[in-house]
Structures are given as C-alpha cells and as structure tokens.
Colleague: 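Here it is, the structure, as structure tokens.
In the text below, chain A, chain B and the rest are named by the order of the sequence lines, each starting its count at 1.
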Number of protein chains: 2
Amino acid sequence: MSKPSRRSRGSITVQDVAREAGVSAMTVSRVVNGGTNVREATREAVLAAIAKLNYSPNSAARSLAAGEATQIGLLYSNPSAAYLSQFLIGALAAARRAGCHLVLEACEGERAEEQAEATRGFVQTHVQGVILPPPLSESGPVRAELEAAGIPWVSVAMGLPPEGSLNVRIDDFAAASAMTRHLLDMGHRHIGFIRGNPNQTSSAERYRGFCAAIEEAGLDLAAMPVEQGYFTFRSGIVASEAMLDLPKPPTAIFASNDDMAAAAVGVAHRRGLHVPQDLSVVGFDDTALATTMWPELTTVRQPIAAMAEAALTMLLEELRADVRTEHAEQVLAHQLIVRESCAPPPAA
Amino acid sequence: MSKPSRRSRGSITVQDVAREAGVSAMTVSRVVNGGTNVREATREAVLAAIAKLNYSPNSAARSLAAGEATQIGLLYSNPSAAYLSQFLIGALAAARRAGCHLVLEACEGERAEEQAEATRGFVQTHVQGVILPPPLSESGPVRAELEAAGIPWVSVAMGLPPEGSLNVRIDDFAAASAMTRHLLDMGHRHIGFIRGNPNQTSSAERYRGFCAAIEEAGLDLAAMPVEQGYFTFRSGIVASEAMLDLPKPPTAIFASNDDMAAAAVGVAHRRGLHVPQDLSVVGFDDTALATTMWPELTTVRQPIAAMAEAALTMLLEELRADVRTEHAEQVLAHQLIVRESCAPPPAA
DNA sequence: GGATCGCACGACAACGTTGGCAGAAAATTG
DNA sequence: CAATTTTCTGCCAACGTTGTCGTGCGATCC
C-alpha cells in the first residue's frame, strides 16, 4: 500500500522513469542532461521510458539541485515597443531553456541618477547577471553601478563595444554601407543621411558605414546633406524638413532608424512629394513601423530575438564558469529588407 | 570549523536568518509569507535579521517545496508589437512574483489546424495553465484543444466573454461610447466608423458603443458611414478611401484601432486634407503608433500590462484552488487619451 | 485551582533533482 | 586467464524551502 504523498502533484518524476526503465534515478538524470558515460542500450531504455511516461523534468528542482543562476536582470528604457517585444521573446525562450527567471526593470529617465537608481534595484534583488539592450548598453552610470556590485552584464547592439566586454551585436558599419550601396546601385548620387542619437555608438558606426560607401563610390562626401537626429519621430521631422529645404535637396534619404524614416516619408507627403518616385527613403531596424506605413519601408533587419537569446546564453556561460572570461563578443548577421520606399532617382 | 558545503553559492538562506534572529527556519518562513501566528516581537526580530543579512528567498526552492504551478503558457499571434511588449512586461512581473515560468508559443497562422497545432505544443510541455491575449482569446480551435487537455486558461481583452470563462478585459462598449461622445461634444454630427475584425467580439462591442452614443444623442445612426476593417493598416486605407470618396464625407473618423486610424490620417494627408482642421481622426488601444505619427492620435488606452498581470494572477488562483471556479471576470478601467488629431468640425 | 483551550514556535520530513563517491561490469592488457 | 584499467551505474546526501505535527506556555473556563 503506497500511501500518496501529502503534496503529490501526480507529476512524473525521475524515480518513476527509473523504475519503468529498470535503472536508477541518477542514470535517468545522466541521460536527460548530456548523457556521458551511459551505455547505448541503457540510454535507449531510459528514453523509451521517458517517452512512454511523457516525463519532463521539474525545472525548479533542477535549478535548486544544480545551484544554477536563477535571476537574470533585464534593464530596458525608451522601449521602441517593437524592439522590446522581439527582445523579450528571444530572452524568454533562452531563459526557459536555462530554467532561469527574467527580472525586468524599467529605466525611463535619461538622467544619470535615475539610471543608477534603477540599476541598484537589481543589486538589491540579487540578480546574478544583467542584460542591457540599447540604449542602456552604453549608459555609463548603469555600468559603473554594476561594476561596483560585481555583477556581470552583457551589452546588446552596441555599435562599437569596448574591449573586454561581453556583447552581442550586428555589424552596423557593414549594414549601413550595404544599404548605402543599395541606394547608389539604384542610381542615387545625392543622398541625405540622418544621424542617430550620439549617445549610442551604433549611430557613429552607421554613419561611418555610410561615409565609407560614399567615398568608395568616388563621390564627394562633403556634398551629401547630413542632419543630426535622435532616433525619435520628432527629430526625424526636423531633420527631414531641413534637408528638403535645401536649394538642392537629395534624391534619397537614409535615416538611421525606422522612426526617423517614417518621419521623412510623412514630411515628403505633406510637401506633395511622392515616395519613392520623387524621393527614396530607407531606414534601419525593421521595426513594426516599417510595415505600418505606406509605402512600406526598405530597411535593415536586426535579428533581435536571436541577439537576446545569444546574450542570455553568453551571460549564463559567464556565470557558470566562475573565472571571469576576458572577452566574448558575438556578431550576428543582419539582412537588407527591400520594400517599396526606394526607387531610382527621378530622371530630372 | 564549519566546512563549506560542496555546492555553496554563499547565498543567505532561511537558516542564516533564523540563526541571526534566534528562531527556527519555519518561523522565518512564516514571517516571510503571510505571517499568521507569529508574535509581534518575533516578527520584528526576524524582519530585522532579514534586513541585516539582506535575505531574499530562493524561488526555485520555494516552488519546489510548495509544489506550485511553475509553467504557464502564453500563446500569442499577430502581435501588434506594442501590445505584445506591454503584455509581456505585465505577465513577467506577475510571473516572477509567483515564481513561475512563462512559456511562449507563437501561433502565426489563421487556420484552425495551425492554431490547434500550436496549442498542442503546450499540452506536451506540461504547462499548467494558458493565457490567451487577443485575438487568440476567441479562437475556437485553441480553446477546444485546451478543453480537451483539461488545461485551464484565461482570455484577455475579449469584448464579450462567454459565461463561465476566466477573463480579464476592459469595457469596450463604454470606452467606444465615451470616445464617440468626445467627438459629439466637439460638435461633430457626421462621424464615420471603421469596424474591427469580425473574428473578435471586441469589434462588435466597440461598434455597439459607437451606435449607442450616436442614438443617445438623437442622431440618425443610418446616416453615419460605416466601413468594415480588419485591424490592419491596409484595411484601414481601403476603408478610409471609401469613406472619403462619399459625396458627403464625414467630418470625423473613429477607427476601431490605432493602426487603422494611422491609415486614415495617411489617406487624408495624401488627399491634401489637414488633420485635425479638415478631418478629425481617433483610434483605439494607444499603441506606440499613436505617438509616432503626426498629429499624435487621440485614442483609448487599455491598461495592457495590468491586464496581463491580472490574468496571470487569476490563473494561478484557479490552479491553486483545486476546485474549478465557476466564473471569474475582471474588468479594468480604460482611459481616454486626448491628443492632437481631433478638433471641432470645419465651420463650413 | 485544575482541566482545557488556543496560540506561538520548533523538529522533521518531503519536494524532485543533481554531485560526489564507490562499487560493479566490461574492456583491455600482459 | 589473471590483473588492471576504463566505463558504467547506484547509493546517499544536499540544494533551500514549506507542510505536518507535536510541544510548551499562558490564558480561559468552570
């Protein structure tokens, strides 16, 4: 007579599987994780038992026993909603696989003190590591605070990460020059560039990529109109207005992100310019905005979810290896997404 | 000489706190959770010890010992990115508090078989409950599959949830009539309405709210132009074109969501109409889009994150109480957000 | 004033898994 | 074929918490 345990959830445990397969619980555990040093016949028996009982390991027990990191912080700010949701999807997938919890903290303000404050929230909640999506990946106060607390972090999507930091990114430089070449290939010779917020190194890298492609084509960089933007829709309006007010406006505008590109399209429309017939506009990021406008935007896609996954994985590896690794950097592939906002320049 | 445990993470445990406070571990546990049957003096001693040692409970151990639900599914589809990110933020906050994991599953397709397939993914991963944000909250196949597997679920943001279901929502009817009254108060007497996707009951509720406000004002409902939309930007373009092609176009357009409202603004601009001077446009949802357009959109804000939190909390309560509760419904407050896309009708 | 009650608290076991070790089995070698 | 190595497997304890039950103590009730 086995009296049912007081707190039985009726779930299948390693013990059940072990009994079914005629082995010990430890062997089941070995098969489930990695599975070194298990005879093939044994492994198959265990796998069969797992399949038969439809066993799935209890992640709480697992992380308790293994003593692994369970709380990973994610500090976000100024969330381009589209970016954030993709990022969370990727991070959650990796977190579940690793059996760890994601702790979100919002950091709205731009001020150093606000950022430091939000970071201290993490220190108090005992997160073992932190993921920093842009733009906080570049925040001095945040990083100083983490450094002081001895909490490792991974920066995501920095343009030019400092040596010795953990980071995941795309090659902003290469992506921006590829996009510029796309415009050049279409025949544009007078291309305006709207820069991104200078508080992010990716802005500089994108600009550098633009410049490199222009010069490589043998054109005069100084002749290209360049305006300063701040990644916001509003700043894109100001920049585009300035650019189209020029005596000789460009035939194409390359905005450093989609929001500013959308602004450029809006400004053009209000001036009676048709996009892309009269003016080509391209963006960067491929957020949801790129397809909720007309015409749909030619842009650069970042593999956001994959970057978040990579960041979390990298962070966990760092935490598992108790020795501080010197430098881990991962550069993921970007993709040029050609849609309808771009055409050869008007014949005139 | 206490020899350090082999797997010590050096973290503070209940034992440490208990020693510090001169009580037993169990008492610490009681203080931390609820804390019934603890003398005030003891409680204070424990709290002091907790503060001193900066203790925070290990959630893995907690959920293991308490045997609580640890995997909650979240099936999303067609994510308006802004909606999804807000939703995830809320769900994650609640999940962490409860110490449970969020399991995401994407369901892209519209077809019944695809939806059933995605749902079966949950059944196999042993999630104990599922949260269904719109539009899947209304999906027959998904619900049938969950019903068959005996997995409880919570629907979020249905317009008119069926009796006996767990759900969290806002009052779409009231929100839509409030918005309509806002337009009426501004002096509009000829208001066009773009309906939402008929596969969601919230579409019908919003339309009902519009109708009620119109009739309450003593106006002729039949004189108001109504077009069918599908919550997409594209469908909004088609509907707005049709509406503005009318011999007597409306002075205001009420779109059932922000995407379609953005489309209406775009169409107006291309026709040389100024928003809001020549045409007022209002939306619904207050997604990020509402502020990345010009003029910024007057719309209805749903407390998305709060709804997600409420849904998860409700689901966990349902799971904890092993008896199936009959009916739990929670209606959260919406908010009318007045921005710049709305003005009195032109004097003409 | 003794029996009873209720409250506060502690000891112990259990949750489901994995790490360390030791023992058994198989493979290799002389 | 015996000795030795290597590969495989099982036992026990530990991870940090909470549930159950029992004990001690002061208050309450006749």
Colleague: Between D/dA27 atom P and B/R39 atom CZ, what is the distance in whole Å?
Modeller: 11 Å
Colleague: Measure the distance from CE on B/M26 to C1' on D/dT23 and round it to the nearest whole Å.
Modeller: 16 Å
Colleague: Here's a test of your reading of the structure: between B/A61 and A/V32, which maps to the more 5' nucleotide of DNA chain C?
Modeller: B/A61
Colleague: Which heavy atom of B/P133 sits nearest to which heavy atom of B/Y83, and what is that distance?
Modeller: CB-CE2, 4.5 Å
Colleague: Would you indicate, yes or no, if D/dT17 has its OP1 or OP2 atom less than 4.0 angstrom from a side-chain nitrogen or oxygen of B/S63?
Modeller: no
Colleague: Report the distance from atom CZ of B/R43 to atom C1' of C/dA8, rounded to the nearest whole Å.
Modeller: 12 Å
Colleague: Is A/S29 near enough to C/dT17 that one of its side-chain N or O atoms lies under 4.0 angstrom from OP1 or OP2?
Modeller: no
Colleague: So does B/T27 get a side-chain nitrogen or oxygen closer than 4.0 Å to the phosphate oxygens (OP1/OP2) of C/dG10?
Modeller: yes
Colleague: Is there a donor-acceptor pair under 3.5 Å between the side chain of A/S139 and the backbone N or O of A/P135?
Modeller: no
Colleague: For DNA chain D, what are the stems built from at least three Watson-Crick or G-U pairs in a row, each pair having both distances below 3.5 Å?
Modeller: C:1-30 with D:1-30
Colleague: Give the rounded distance in Å between these two atoms: CG of A/D16 and P of C/dC15.
Modeller: 11 Å
Colleague: Can you tell me if B/H126 uses its side chain to pair, donor with acceptor, with the backbone of A/S11 under 3.5 Å?
Modeller: no
Colleague: Pick the nucleotide of DNA chain D nearest each of B/R30 and A/V23; which residue has the one closer to the 5' end?
Modeller: A/V23
Colleague: Using modelled atom types and a 3.5 Å cut-off, is there a donor and acceptor pairing between side-chain atoms of B/R143 and backbone atoms of B/S137?
Modeller: yes
Colleague: In this structure, how many angstroms lie between the C1' atom of C/dA8 and the CG atom of B/N37, rounded?
Modeller: 7 Å
Colleague: Please name all residues satisfying salt bridge (Lys or Arg N to Asp or Glu O under 4.0 Å) with A/R97, sequence neighbours left out, ordered by chain then number.
Modeller: A/E309
Colleague: From C-beta outward on B/A65, which listed nucleotide comes closest to its side chain: C/dC15, C/dG16, C/dC9?
Modeller: C/dC15
Colleague: Rounded to the nearest angstrom, tell me the gap between atom CD in A/Q15 and atom C1' in D/dA13.
Modeller: 14 Å
Colleague: Can you tell me which nucleotide in C/dG19, D/dT18, C/dT17 comes closest to the side chain of B/N33?
Modeller: D/dT18
Colleague: For the backbone of A/S165 and the side chain of A/N167, can you confirm whether one donor and one acceptor N or O come within less than 3.5 Å of each other?
Modeller: yes
Colleague: Taking the side chain of A/S24 as its heavy atoms from C-beta onward, which of D/dT18, C/dA8, D/dC11 lies nearest to it?
Modeller: D/dC11
Colleague: Please enumerate all residues that pass salt bridge (Lys or Arg N to Asp or Glu O under 4.0 Å) together with A/E20, with sequence neighbours excluded.
Modeller: A/K52
Colleague: Can you measure B/I12 atom CD1 to D/dT17 atom C1' for me and round it to whole angstrom units?
Modeller: 15 Å
Colleague: Side chain of B/T42: nearest nucleotide among D/dT17, C/dC9, C/dT17?
Modeller: C/dC9
Colleague: Rounding to an integer number of Å, can you tell me how far A/L64 CG sits from C/dG19 P?
Modeller: 12 Å
